[in-house]
There are 2 protein chains.
Amino acid sequence: MALNFTGDEGPDFQPLYAQVKGLILQRIIDGDWKPDEVLPSEFKLADQFGVSQGTVRKALNDLAAENVVIRRQGKGTLVAANNPLRELFHFIHMTDREGALQLPTSSEVLSCERRRASDDDLGRLKLRRGADVIRIERIRTLGEKTAITETIVLPARLFPGLEAGGGANVPHALYQHYQDAYAIAIHRVEEALRAVTAGPRDAELLGLTPGQPLLEIDRVAISLDGKPVEWRITRCDTQDTRYVSSLV
Amino acid sequence: MALNFTGDEGPDFQPLYAQVKGLILQRIIDGDWKPDEVLPSEFKLADQFGVSQGTVRKALNDLAAENVVIRRQGKGTLVAANNPLRELFHFIHMTDREGALQLPTSSEVLSCERRRASDDDLGRLKLRRGADVIRIERIRTLGEKTAITETIVLPARLFPGLEAGGGANVPHALYQHYQDAYAIAIHRVEEALRAVTAGPRDAELLGLTPGQPLLEIDRVAISLDGKPVEWRITRCDTQDTRYVSSLV
DNA sequence: GAGTGGTCTAGACCACAGA
DNA sequence: CTGTGGTCTAGACCACTCT
């Protein structure tokens, strides 16, 4: 066991429960336990790691607070999966005027191709110069209306073959696809918002007149191991919708 | 002690630690312990409530996770105060292009008056028909530039005298003022964003040409006891700034 | 040195899910 | 019925803050 017990505390000392948490997280990242699978019980993990059940419990509760696992009494501790429900709770922020969550209902891929990463791509996705990316353009509907244009940039190395067929393989629910087809779990997203004016292309795609205001959402999606794996720019008509953000 | 122990579990049964948490929260709301004051130690609270120290600990840790209190080893458990630092961490979302937090540096009150609440005011602040509100209009600077117009609506009953002198008493840091002058602690905010076009008045105040896009932030601030106490509409020029939102 | 919260352990009983 | 996580308790030792 590689755990630090009291006595050999180095400069990067971590409490036992944090070490246990890290080990469990690593095994989830490695795919030892896959999404929707049940982890061993607290007592079994405690035996494996040579710590008390209470210490494992704290580690698991921390991971649950970070939405890495889901704990259910009587059932066990599951690895969180990027299913539509999770997406709704964690990654959807658009609502209608009354505040009810609006999940995009469909999408149409306009283009999908592999190309050399631009400087912006390199910066956002922390790639090395010369890396390739897959770039997808699509439009999405919110409610009844085509209200969203999206440009999605992915490291080509992580998503081999995704660009095949010009986007014929690209489903609507991308995060679920990343998980199921590439074993990449989106853990959290960082978003930066601004107001922009619709250019001629946006206006045409969304049926607006150029110059109308759009909400631009610049989102980087971060995987379980903390690396940026998707950069997405969403432009959204907010005449009938809102972006909600409830913060403490 | 009004605590439910095992046996008299009604339909609204709550675990002990949740009951203790509620009692502590209520005493903070009542002002028994004021912002920046130290609560009694875990053992003293455990004695007062007739539970074990571990149960109090869980209650306090929960309150700390909700930013109601701050726990410091060796020092004690403090009631969270709306100081500039807290404001920066919890309520500021504007950054510059590089992502560094931009806190508004100054403000100028344009108008401040008491009036009958509009229908929108009633809905947002959950007031009864006929209630009065205080309505403040001001502009704020971000970095070097006047980039923000704000309309703030407050229930007049909660903030007596705030409108005196047409806003001469209205300082820049409002949440701190609510806390210090009116004992009202802003606990969290709910925000809804959309993109709008600058009207003639916005354009004039911010030095823009009408029609330019602005980010509109519609924010309701919620006090510790869960009631809406401020409604604020912020319009912001996002040419040089971004609104950040980091969500799990 | 005295007092605080932070960590770790051990054991008890309960509520829930599923065979 | 068995096994799971949820709650509650009790006690030990450590790290930090302040006097």
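Chain A is the first sequence line, chain B the second, and so forth, proteins listed ahead of strands; every chain is numbered from 1. FYI, side chains are in, hydrogens and waters are out, and symmetry mates aren't considered; it's all heavy atoms of this structure.
Of the side-chain N and O atoms in Lys44(B), one or more sit less than 4.0 angstrom from OP1 or OP2 of dT4(C). Applying the 4.0 Å criterion to OP1 and OP2 of dT9(C), one finds that Thr55(A) has a side-chain N or O inside that range. Taking side-chain N and O atoms only, Arg72(A) has no distance below 4.0 Å to OP1 or OP2 of dC16(C). Neither OP1 nor OP2 of dC16(D) sits under 4.0 Å from any side-chain N or O of Lys75(B).
One interatomic measurement links the two molecules: CZ of Arg71(A) to C1' of dG3(D), which rounds to 14 Å at whole-angstrom precision. One interatomic measurement links the two molecules: CG of Asp62(A) to C1' of dG6(C), which rounds to 13 Å at whole-angstrom precision. The NZ atom of Lys58(A) sits 17 Å away from the P atom of dC8(D) (whole-angstrom rounding). Distance, Tyr17(A) OH to dC14(D) P: 18 Å, rounded to whole Å. Atom CD1 of Ile70(A) and atom P of dG6(D) are 12 Å apart (whole Å). Put simply, CD on Gln73(B) is 15 Å from C1' on dA2(C), counting in whole angstrom units. Rounded to an integer number of Å, the gap from Asn61(A) CG to dG5(D) P is 10 Å. Distance, Gln14(A) CD to dG6(C) P: 17 Å, rounded to whole Å.
Under 3.5 Å, the side chains of Asp30(B) and Gln26(B) contain a donor-acceptor pair of N or O atoms. Checking Thr141(A) against Thr105(A) by side-chain atom types alone, a donor-acceptor pair falls below 3.5 Å.
Distances from the side chain of Thr77(B) to the nucleotides dA10(D), dC8(C), dG5(C) place dG5(C) closest.
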Under the side-chain contact (heavy atoms from CB on, under 4.5 Å) criterion, do Val229(A) and Tyr178(A) qualify, and how do the steps go? CA-CA 10 Å; Val229(A) 292; Tyr178(A) 299 161; 5.7 Å; no
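Residue order along DNA chain C, read from the 5' end via each residue's closest nucleotide, puts Val56(A) first among Gly74(A) and Val56(A).
In the region residues 36-43 of chain B, proximity to DNA chain C at under 4.0 angstrom, judged on heavy atoms, holds for Ser41(B), Glu42(B).
Between the Arg138(A) side chain and the Ile148(A) main chain, no donor and acceptor come within less than 3.5 Å of each other.
By the 4.0 Å N-to-carboxylate-O rule, Arg242(A) lies too far from Glu98(A) to be salt-bridged with it. The residues Lys44(A) and Glu42(A) are annotated as not salt-bridged, no charged nitrogen and carboxylate oxygen being separated by less than 4.0 angstrom.
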Which atom pairs, one a donor and one an acceptor, fall under 3.5 Å between side chains of residues 167-176 of chain B and the rest of the protein, sequence neighbours left out?
residue	atom	partner	partner atom	Å
His172(B)	NE2	Pro104(B)	O	3.0
Tyr175(B)	OH	Arg219(B)	NH1	2.9
Tyr175(B)	OH	Glu230(B)	OE1	3.4

